[in-house]
Amino acid sequence: MTPRIVPKAKSGSHISPQASYKVAVLGAAGGIGQPLGLLIKMSPLVSELHLYDITNVKGVAADLSHCNTPAQVLDFTGPSELANCLKGVDVVVIPAGVPRKPGMTRDDFFNINASIVKTLVEAVADNCPEAFIHIISNPVNSTVPIAAEVLKRKGVYNPKKLFGVTTLDVVRANTFVAQKKNLKLIDVDVPVVGGHAGITILPLLSKTRPSVTFTDDEIEELTKRIQNAGTEVVEAKAGAGSATLSMAYAAARFVESSLHALAGDPDVYECTFIQSELTDLPFFASRVKLGKNGVESVVSADLEGVTEYEAKALEALKAELKGSIEKGITFANKDQEAAASV
Ligand SMILES: NC(=O)C1=CN([C@@H]2O[C@H](COP(=O)(O)OP(=O)(O)OC[C@H]3O[C@@H](n4cnc5c(N)ncnc54)[C@H](O)[C@@H]3O)[C@@H](O)[C@H]2O)C=CC1
Ligand SMILES: O=C([O-])CC(=O)C(=O)O
């Protein structure tokens, strides 16, 4: 029997034992890509794991292929092999890009990661336009709007299938709340909304399940810790990159949830950064119900009846998140504008 390493979040339903899918990881030789490849290789729902990078991916694939789990591992190196990597794929996960070092923000490598995501999503649009697209590369608040613009320009944009991966914020919130309140980790679920950078990360502690009461000091401390958790790891790694192992765990959970949704599980919920009408911002992270066609519905109840602290934090994050979204959209369209002005 294939062991289940990464539990899908909160679902009690069963799915067909025949379900099997092809998953591609772009940036598969990196700090996130390698452990993510390993976790996806463990999934009984995966028939083929396609690993793509511009460097060193052959060794990663050879190594992973020796694990005696069903998924077949295929490697693809460099732009000439990207199309083949993507053909027929059901889920594409993109952790390609540069991670930050101490003293940097997620926006400090905007240009390089924006270009990488744009190029990769163009290839996704050409080769597997129906796939679920999971964007991990930072700054997520901008790279997801860039991906949306690229897909629109290619005429294949389906907002229900484009996801910014914010699962790590939920994983961290669950861990920190369970530790602080001495709860059984497996039971704790905190929705985290907004975006994925600093104050745009907003844990809705009042919506924690099971219901918990927090003092004002606990709310302040937990909120700040969840918002700064990425920086906590960057500083601890002291120049050797950002979160990779916890990120791989979180991304594998989001992949597993997506595969369960594709397989017809009717009870799959995750927080993710998507095109959204929940607030006046065009993109916003919130809990959504996932189905065969991607986002089936947005859990609007999470934003109803929030505390005064959360309502203020929600207003406070809007300007920064709006700016990051607009920056992404401007970047994605600037070559077109340049072409039009010639
Ligand atoms: N969404 C989230 O919660 C998180 C996002 N991240 C982000 O994930 C990204 C990757 O982080 P790490 O894996 O630690 O970085 P890394 O530098 O260890 O790995 C990145 C990989 O991407 C590859 N790559 C670069 N350009 C590429 C291209 N054009 N096509 C394919 N592959 C390409 C590199 O060769 C490398 O193997 C960073 O932008 C980081 O900020 C990191 C942690 C959490
Ligand atoms: O902090 C970073 O640069 C990486 C990241 O997004 C996270 O760990 O949440």
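Both counts, for ligands and for their atoms, begin at 1 and track the order of listing. Side chains are part of it too, since the values below use all heavy atoms of this structure and drop only hydrogens, waters and symmetry mates.
- Scanning the protein for heavy atoms near atom 30 (N) of ligand 1, the closest one is Y52 CE2, 3.6 Å.
- Heavy-atom distances between I116 and ligand 1 reach below 4.0 Å in at least one pair.
- Of the protein's non-hydrogen atoms, D53 OD2, 3.7 Å is the one closest to atom 36 (C) of ligand 1.
- Distances from ligand 1 to the non-hydrogen atoms of R100 include no value under 4.0 Å.
- Looking only at heavy atoms of the protein, atom 13 (O) of ligand 1 is closest to I32 N, 2.9 Å.
- For the pair V165 and ligand 1, the shortest N or O to N or O distance falls below 3.5 Å.
- Here the heavy atom of the protein found nearest to atom 8 (O) of ligand 2 is R172 NH2, 2.8 Å.
- Below 3.5 Å of separation, one finds no N or O of G33 facing any N or O of ligand 1.
- At least one N/O-N/O distance between V98 and ligand 1 falls below 3.5 Å.
- Protein heavy atom in closest approach to atom 20 (C) of ligand 1: G97 O, 3.1 Å.
- Here's the thing with M247: none of its N/O atoms is less than 3.5 angstrom from an N/O atom of ligand 1.
- Donor-acceptor pairing under 3.5 Å is lacking for the side chains of K181 and T208.
- Looking only at heavy atoms of the protein, atom 7 (C) of ligand 2 is closest to R106 NH2, 3.4 Å.
- Contact check on R153 versus E122 returns no salt bridge, with no Lys/Arg side-chain nitrogen under 4.0 Å from an Asp/Glu carboxylate oxygen.
- For atom 9 (C) of ligand 1, the nearest protein heavy atom (residue, atom name, distance) is P95 O, 3.5 Å.
- For atom 14 (O) of ligand 1, the nearest protein heavy atom (residue, atom name, distance) is T244 CG2, 3.4 Å.
- In terms of protein heavy-atom proximity, atom 6 (O) of ligand 2 is nearest to H196 NE2, 2.6 Å.
- A perpendicular orientation is assigned to the rings of F331 and F110, their planes being inclined by more than 60° (bins at 30° and 60°).
- Contacts between N113 and ligand 1, counted as non-hydrogen atom pairs separated by less than 4.0 Å, involve the side chain only.
- Taking a cut-off of under 4.0 Å to the non-hydrogen atoms of F109, the atoms of ligand 1 that pass are 41 (O).
- Taking distance alone, with nitrogen or oxygen atoms compared against 3.5 Å, N138 approaches ligand 1 more closely than that limit.
- From the protein, the heavy atom lying nearest to atom 25 (C) of ligand 1 is I54 CD1, 3.8 Å.
- Taking only nitrogen or oxygen atoms, main chain and side chain alike, T55 does not reach within less than 3.5 Å of ligand 1.
- Taking a cutoff of 4.0 Å between a charged side-chain nitrogen and a carboxylate oxygen, K322 and D280 do not qualify as a salt bridge.
- Residue A243 places a heavy atom under 4.0 Å from ligand 1.
- Counting heavy atoms closer than 4.0 Å to ligand 1, residue A96 contributes atoms from both its backbone and its side chain.
- Of the protein's non-hydrogen atoms, R100 NE, 2.5 Å is the one closest to atom 3 (O) of ligand 2.
- A salt bridge does not link K207 to E310: none of the charged nitrogens lies less than 4.0 Å from a carboxylate oxygen.
- Contacts between I136 and ligand 1 below 4.0 angstrom, taking non-hydrogen atoms only, involve backbone and side chain alike.
- Considering backbone and side-chain atoms alike, I135 places every N or O at 3.5 Å or more from each N or O of ligand 1.
- A donor and an acceptor atom, one from each side chain of K41 and T69, are located under 3.5 Å apart.
- A salt bridge is absent between E256 and R253; no separation between the charged side-chain nitrogens and carboxylate oxygens falls under 4.0 Å.
- Counting heavy atoms under 4.0 Å from ligand 1, residue H196 touches it through the side chain alone.
- At a heavy-atom distance under 4.0 Å, no atom of V233 approaches ligand 2.
- A centroid separation of 6.0 Å or more is found between the aromatic rings of F273 and H196.
- With a 4.0 Å heavy-atom cut-off, ligand 1 is reached by the side chain of V140 but not by its N, CA, C or O.
- Neither the backbone nor the side chain of M247 comes within contact range of ligand 2; no heavy atom lies under 4.0 Å.
- What sits closest to atom 18 (O) of ligand 1 on the protein, heavy atoms only, is G31 N, 2.7 Å.
- Ligand 2 does not have M104 within reach: every non-hydrogen atom of the residue lies 4.0 Å or more from it.
- Any N or O atom pair closer than 3.5 Å counts here, and D169 shares no such pair with ligand 2.
- Between the side chains of S286 and D302, no donor-acceptor pair of N or O atoms lies under 3.5 Å.
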